Number of protein chains: 2
Amino acid sequence: MNMKEFSARTALSAHTLRYYEKIGLLNHIHRSSNGHRFFTEKDLEWVTFILRLKQTGMPLESILAYAKLRALGKSTNQERQTLLEQHRAKLKSRIESEIQHLAALDEKIEYYILHKTS
Amino acid sequence: MNMKEFSARTALSAHTLRYYEKIGLLNHIHRSSNGHRFFTEKDLEWVTFILRLKQTGMPLESILAYAKLRALGKSTNQERQTLLEQHRAKLKSRIESEIQHLAALDEKIEYYILHKTS
DNA sequence: TCTTGACCTAGAGTAAGCTCTAACTTGTAA
DNA sequence: TTACAAGTTAGAGCTTACTCTAGGTCAAGA
């Protein structure tokens with residue numbers, strides 16, 4: 001698919017996608033004869049995964065570390081698994097602390113409700 | 001308490017605390033005769049609350065909006081309650097999507113485990 | 001032919017949130 | 001009385017992650 005479609009399907013701007021390629025997050029993107037990028041379903045899967053990591057608070061630099069291992073092929077599987085497991089642990093503890101923040105927020109809201117002067 | 005102790009108890013650097021004061025997040029911080037700030041337990045509570053909002057993804061600008069209402073006193077209670085309720089809703093949906101990301105991550109990790117060559 | 005739209009590159013600019021620097025004062029301990 | 005630690009200000013600089021600009025190519029339709 002072309003840039004326009006890929007941009008629409010990932011909800012990332014063309015600028016951002018080019019930027020991701022520049023910093024090494026996207027590798028081996030095909031080009032058509034006129035030099036325009038064309039993206040595959042595999043690229044879409046990969047970007048979807050990147051966005052998942054991003055949305056769970058992983059900085060681009062860490063995602064890049066994973067991407068570099070991925071580019072090296074199967075031999076880095078163990079290492080990648082470890083990275084994901086570490087991220088999983090972080091995410092899990094963050095969810096737990098967010099649940100606590102939610103409870104604290106509820107308490108605060110409850111306080112506002114109880115102290116209404118009206 | 002002095003800057004050093006407050007900094008330790010909030011886990012924020014003196015630089016950051018002065019910055020928070022500068023942008024209006026911290027108001028009416030007392031000064032001792034030599035011009036040094038001294039913080040109260042109330043200040044600590046407020047910063048703790050700020051950090052809670054921050055850790056759940058609220059940008060400083062929104063926290064600032066809340067802080068400004070707070071500075072106006074009781075008459076803004078309703079408005080503040082609404083802000084907190086909106087944040088609560090956002091936080092809740094973010095927790096839910098993070099739980100989904102966690103499940104997707106588990107799947108990916110499972111894939112690495114199943115495809116081990118060793 | 002001419003315009004429109006999609007794309008390209010290199011590199012500059014932006015926003016948020018700090019983080020640091022320079023130059024200075026003040027209080028305490030040796 | 002001198003050194004050290006802790007504080008102050010204004011303002012510059014940094015990092016992350018984009019976002020935009022300038023100046024260009026190329027293919028298709030009116």
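Quick caveat: nothing in here was measured; it's all calculated off a predicted structure.
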Enquirer: What integer distance in Å separates M58(B):CE from dG17(C):P?
Expert: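 Interatomic distance, CE of M58(B) to P of dG17(C): 12 Å.
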Enquirer: Quick one: E61(A) CD to dT15(D) C1', roughly how many Å, whole number?
Expert: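 About 10 Å, once rounded to whole Å.
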Enquirer: Can you find a side-chain donor-acceptor pair between Y66(A) and R80(A) that sits under 3.5 Å?
Expert: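 Distance-only check fails for Y66(A) and R80(A).
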Enquirer: Grab the CG-P distance between L53(B) and dA16(C) for me, whole Å please.
Expert: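 Value for this atom pair: 18 Å.
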Enquirer: Could you grab the distance from atom NE2 of H28(B) to atom OG1 of T40(B), nearest 0.5 Å is fine?
Expert: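 Here the interatomic distance stands at 12.0 Å.
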Enquirer: Please tell me if the side chains of L26(A) and I50(A) come closer than 4.5 Å, counting only heavy atoms from C-beta onward.
Expert: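 When only atoms from C-beta onward are counted, I50(A) and L26(A) do touch, with a gap below 4.5 Å.
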Enquirer: Do any side-chain nitrogens or oxygens of Y20(A) fall under 4.0 Å of OP1 or OP2 in dA17(D)?
Expert: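 Answer is no, no contact under 4.0 Å.
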Enquirer: Scan for side chain to side chain donor-acceptor pair (under 3.5 Å) pairs involving residues 53-63 of chain B, sequence neighbours excluded, and state none if there are none.
Expert: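 Qualifying pairs, neighbours excluded: H101(A)-Q55(B), T56(B)-H87(B).
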Enquirer: Could you name each residue pair satisfying salt bridge (Lys or Arg N to Asp or Glu O under 4.0 Å) that touches residues 86-99 of chain B, not counting sequence neighbours?
Expert: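 Only R94(A)-E98(B), E98(A)-R94(B), D106(A)-R88(B), R94(B)-E98(B) qualify under salt bridge (Lys or Arg N to Asp or Glu O under 4.0 Å).
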Enquirer: Check whether any side-chain N or O of S13(A) sits under 3.5 Å from a backbone N or O of T16(A) as a donor-acceptor pair, and report yes or no.
Expert: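 Here the side-chain-to-backbone pair exists.
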Enquirer: Sequence neighbours left out, what pairs pass salt bridge (Lys or Arg N to Asp or Glu O under 4.0 Å) with at least one residue falling in residues 23-36 of chain A?
Expert: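 Counting only pairs at least two positions apart or across chains, the salt bridge (Lys or Arg N to Asp or Glu O under 4.0 Å) contacts touching residues 23-36 of chain A are E21(A)-R31(A).
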Enquirer: For the helix from dT1(C)-dA30(D) to dA30(C)-dT1(D), measure the angle between the helix axis at one end and the axis at the other, each built from five pairs, rounding to 10°.
Expert: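 The angle separating the two end axes equals 20°.
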Enquirer: Rounding to an integer number of Å, can you tell me how far L17(B) CG sits from dC20(C) P?
Expert: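 So the two atoms are 14 Å apart, to the nearest Å.
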Enquirer: Send over the distance from L26(B) CG to dG17(C) C1', rounded to a whole Å.
Expert: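 After rounding, the reported distance stands at 15 Å.
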Enquirer: Mind checking whether H115(A) and Y111(A) have ring centres under 6.0 Å apart?
Expert: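 Centroid distance H115(A)-Y111(A): below 6.0 Å, so yes.
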Enquirer: Give the B/S/- string for nucleotides 6-14 of chain C, one per nucleotide from 5' to 3', where a protein heavy atom under 4.0 Å of the base yields B, of only the sugar-phosphate yields S, and otherwise -.
Expert: SSSB-B---
Enquirer: Nearest heavy atom decides the nucleotide; on that basis, is S33(A) or L12(A) closer to the 5' end of DNA chain D?
Expert: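 Whichever sits nearer the 5' end wins; that is L12(A).
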Enquirer: Send over the distance from I23(B) CD1 to dG11(D) C1', rounded to a whole Å.
Expert: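 Rounding to the nearest Å, CD1 of I23(B) and C1' of dG11(D) are 16 Å apart.
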Enquirer: Who pairs with H30(A) by ring-ring contact (aromatic ring centres under 6.0 Å, His included), at least two apart in sequence or on another chain?
Expert: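 H30(A) satisfies ring-ring contact (aromatic ring centres under 6.0 Å, His included) with F38(A) once adjacent residues are dropped.
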Enquirer: Between F6(B) (CZ) and dA6(D) (C1'), how many Å, whole number?
Expert: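 These atoms are roughly 17 Å apart.
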Enquirer: To the nearest Å, give me how far apart CG (L64(A)) and P (dT16(D)) are.
Expert: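 In whole Å, dT16(D) P and L64(A) CG are 12 Å from each other.
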